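Provided herewith is a single structure, encoded as structure tokens, for subsequent inquiry.
On a predicted model such as this, the values are computed, not experimentally measured, just so you know. Order of the sequence lines sets the chain letters (A, B, ...), proteins ahead of strands, with each chain counted from 1.
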There are 2 protein chains.
Amino acid sequence: MTDTAKPRREQILDSASRLFSERGYHATSMRDLAGDLGMQGGSLYAHISSKEELLIEIVNQASRQFDEALFTLRAEAMPADQKLREAMYRHIRVVADNMDSATVFFHEWKHLSPEAYARVTGWRDTIDAFYRELITQGVQEGTLRADLDIKMTAYLVLSAVNWAYTWYRPGGSLAPRDVAEQFADMLLGGLRAPTGAQP
Amino acid sequence: MTDTAKPRREQILDSASRLFSERGYHATSMRDLAGDLGMQGGSLYAHISSKEELLIEIVNQASRQFDEALFTLRAEAMPADQKLREAMYRHIRVVADNMDSATVFFHEWKHLSPEAYARVTGWRDTIDAFYRELITQGVQEGTLRADLDIKMTAYLVLSAVNWAYTWYRPGGSLAPRDVAEQFADMLLGGLRAPTGAQP
DNA sequence: CGCCGCACCAAACGCCCGTTTGGCAGCGTG
DNA sequence: CACGCTGCCAAACGGGCGTTTGGTGCGGCG
């Protein structure tokens, strides 16, 4: 209660996340953004240095959230199926808790300047590698099927957790935990009914 | 050989698909597009009526491809697991054969005018309903697990086939059929190794 | 009280946008 | 040869863009 309002700069970043995610980066003008905050376009530049700085900061923020959520899992010792379940939960939670910046992250990273662009690409590779390691570990320890193609399996898992940004609605009846549990159950156990007849 | 070159209008649509998918709709100017075709910006308007017409036509084209691929499957009588496999194959094939327009479709539909926007939303609902019906059928006939949540299962399948636009590269070693078969195998059979121990 | 610095406004800058216009080569047809 | 049509160019239009600039009201501090 020492300071009831967020710093102006954070308010700007919040508004920018929302508007960029709703309309896209290039379709949002600085005057749109300023209007959303009740000010004039030029006044923004007392707090930020450029429009691209906003995009970079939003994307970096999202990257950091994913990193923090997944990196601590890397070294933990647990069965791969359980670890995969936990990774999916954390991944989806980050998406769900940051719908706006996650959407901007997935949609607008192409518009970054070369350095920031390269950083995002590098981050993607890191996450890819994380899931591939996890799956490889699972195959080696016998928790996951031995005939899995590591790369394709990672793509499948990443599809499930990333695509959530297009349909998940926070505040609905589904918590991130529910989504992750259901997805993990289906992915690990399979959709087919256990019939007993098998070629 | 009666006419070696495509009609100019089709060339424009092809270029627009590529540029819109690479840079985004708003980040591509009409002068960029014209330059790609070796002409002046204003000259485009001898063949098209507006920039948005291009976006609408690209998105409609993609919608039509999905419709044609999936609609014929609806009435066919086959076990649901096999039908799901075939649907995933056709879905991924459309994405793979139309990477540019599919990317535009997934990324830029938000920027359409209200009528075209509503049409795309309606299309999405149709595809959603198609997969939900298919899964419901599978549960009823006993091919798929009885405890599946229909909506979540459809989300999972759609994630897998839609997200392909972000990573698939035509001309690589993976044909759409390979991707679909692997995804369907993993989804239907599950990732977990058959141990024999089960609660 | 006088002063500073902060947050903002109003206006302007140069540039690029989507689109329109008028004109002009080339060419197949009468 | 004259005609009109097609496909394009060069230039311009009004407007919006991201950003800069000079000025102003105001709260806090010496």
Side-chain angles (χ1 to χ4, degrees), chain A residues 1-59 104 108-117, chain B residues 1-59 104 108-117:
Chain A
M1 203 188 278
T2 49
D3 207 6
T4 172
K6 280 190 181 181
R8 204 56 163 153
R9 192 185 156 86
E10 270 187 52
Q11 293 180 30
I12 295 175
L13 281 165
D14 287 350
S15 277
S17 292
R18 193 164 48 76
L19 293 181
F20 289 175
S21 79
E22 285 170 2
R23 314 180 188 178
Y25 175 68
H26 281 108
T28 306
S29 75
M30 295 304 271
R31 287 168 179 86
D32 290 341
L33 176 56
D36 191 67
L37 291 154
M39 55 199 301
Q40 295 293 113
S43 307
L44 290 168
Y45 290 83
H47 307 276
I48 62 161
S49 72
S50 73
K51 188 184 182 184
E52 204 199 356
E53 189 200 47
L54 289 173
L55 180 57
I56 291 175
E57 191 142 332
I58 292 167
V59 168
V104 174
E108 313 290 345
W109 61 280
K110 282 188 185 178
H111 303 125
L112 289 167
S113 61
E115 325 92 63
Y117 181 98
Chain B
M1 206 189 277
T2 49
D3 208 6
T4 173
K6 279 191 182 182
R8 204 57 162 154
R9 192 186 156 85
E10 270 187 53
Q11 293 181 29
I12 294 175
L13 280 166
D14 287 349
S15 277
S17 292
R18 192 166 47 78
L19 293 181
F20 290 175
S21 80
E22 284 171 3
R23 315 182 187 177
Y25 175 67
H26 281 109
T28 306
S29 76
M30 295 306 271
R31 287 169 179 86
D32 289 341
L33 176 56
D36 192 65
L37 292 153
M39 53 200 302
Q40 295 292 113
S43 308
L44 291 168
Y45 290 84
H47 306 276
I48 62 160
S49 72
S50 74
K51 188 184 182 184
E52 204 199 353
E53 188 199 48
L54 288 173
L55 180 57
I56 291 176
E57 192 142 332
I58 291 167
V59 168
V104 174
E108 312 290 346
W109 61 279
K110 281 187 184 178
H111 303 126
L112 290 166
S113 61
E115 325 91 62
Y117 181 97

- Would you indicate whether the side-chain heavy atoms of A:Ile48 and A:Leu13 approach each other to under 4.5 Å?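 Not touching, per the 4.5 Å side-chain cut-off.
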
- Message: Return the CG to OG distance between A:Asp32 and A:Ser15, rounded to the nearest 0.5 Å.
- Response: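 Nearest 0.5 Å value for the CG-OG distance: 11.5 Å.
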
- Query: What is the per-nucleotide protein-contact pattern of nucleotides 10-21 of chain D, from the 5' end, where B denotes a base atom under 4.0 Å from a protein heavy atom, S denotes such proximity for sugar-phosphate atoms only, and - denotes neither?
  - Reply: S-B----BBBB-

- Message: Please report the interatomic distance CD(A:Glu57) to CD(A:Glu52), rounded to the nearest 0.5 Å.
- Response: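 One finds 12.5 Å between CD of A:Glu57 and CD of A:Glu52.
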
Could you list the protein-to-nucleotides 22-24 of chain D atom pairs, N/O on both sides, closer than 3.5 Å?
none

- Item | Gap separating the CD1 atom of A:Ile58 from the CZ atom of A:Arg18, nearest 0.5 angstrom |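 Spacing of CD1 (A:Ile58) from CZ (A:Arg18) equals 11.5 Å.
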
- Message: Within the 4.5 Å heavy-atom criterion, are B:Arg31 and B:Met39 side-chain neighbours or not?
- Response: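 SC-SC contact between B:Arg31 and B:Met39 ruled out.
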
- Message: I'd like to compare against my own output: the B/S/- annotation of nucleotides 22-27 of chain C with a strict under-4.0 Å heavy-atom distance to protein.
- Response: ------

- Provide, to the nearest angstrom, the distance between the CG atom belonging to B:Leu33 and the C1' atom belonging to C:dT19.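 B:Leu33 atom CG is separated from C:dT19 atom C1' by 14 Å.
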
- Measuring from B:Ile56:CD1 to B:Lys51:NZ, what's the distance to the nearest 0.5 Å?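 Rounded to the nearest 0.5 Å, the CD1-NZ separation comes out at 13.0 Å.
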
- Item | Value in whole Å for how far the P atom of C:dG18 lies from CD of B:Glu53 |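 My rounded result for the distance is 15 Å.
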
- Message: Using a 3.5 Å distance criterion without hydrogens, assess whether the side chain of B:Glu53 forms a donor-acceptor pair with backbone atoms of B:Ser49.
- Response: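 Pair found, side chain donor or acceptor close to backbone of B:Ser49.
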
- Query: Does the side chain of B:Leu55 reach to within under 4.5 Å of the side chain of B:Glu108, using non-hydrogen atoms?
  - Reply: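 Yes. Closest side-chain heavy atoms under 4.5 Å.
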
- If you round to the nearest 0.5 Å, how far is OG of B:Ser43 from CD1 of B:Ile12?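 Between B:Ile12 CD1 and B:Ser43 OG, I get 9.5 Å after rounding to 0.5 Å.
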
- May I ask you to decide if B:His47's main-chain N or O and B:Arg9's side chain share a donor-acceptor pair within less than 3.5 Å?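 Yes; judged by distance alone, with no hydrogens or angles, the pair exists.
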
- Task: Return the set of residues passing ring-ring contact (aromatic ring centres under 6.0 Å, His included) with A:Tyr117 (not counting sequence neighbours), or none when no residue passes.
- Result: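 In terms of ring-ring contact (aromatic ring centres under 6.0 Å, His included), with neighbours along the sequence ignored, A:Tyr117 is linked to A:Trp109.
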
- Query: Parallel, tilted or perpendicular: which describes the rings of A:Phe20 and A:Tyr25, with under 30° parallel and over 60° perpendicular?
  - Reply: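 If you compare the ring of A:Phe20 with that of A:Tyr25, the planes turn out perpendicular.
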
Please list each protein N or O that sits under 3.5 Å from an N or O in nucleotides 4-7 of chain C, with the distance.
none

- With a 4.5 Å heavy-atom cut-off, do B:Lys110 and A:Arg23 have their side chains touching?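 No - every pair of side-chain heavy atoms lies 4.5 Å or more apart.
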
- Query: Is A:Leu44 close to A:Leu54 at the side-chain level, that is, under 4.5 Å between some pair of heavy atoms?
  - Reply: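 No. Closest side-chain heavy atoms not under 4.5 Å.
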
- Atom-to-atom span, CG of B:Leu37 to P of D:dC9 - whole angstrom: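 My rounded result for the distance is 11 Å.
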
- So what does the secondary structure string of DNA chain C come out as, 5' to 3', with Watson-Crick or wobble pairs under 3.5 angstrom, [ ] for crossing and | for pairs with another strand? ||||||||||||||||||||||||||||||

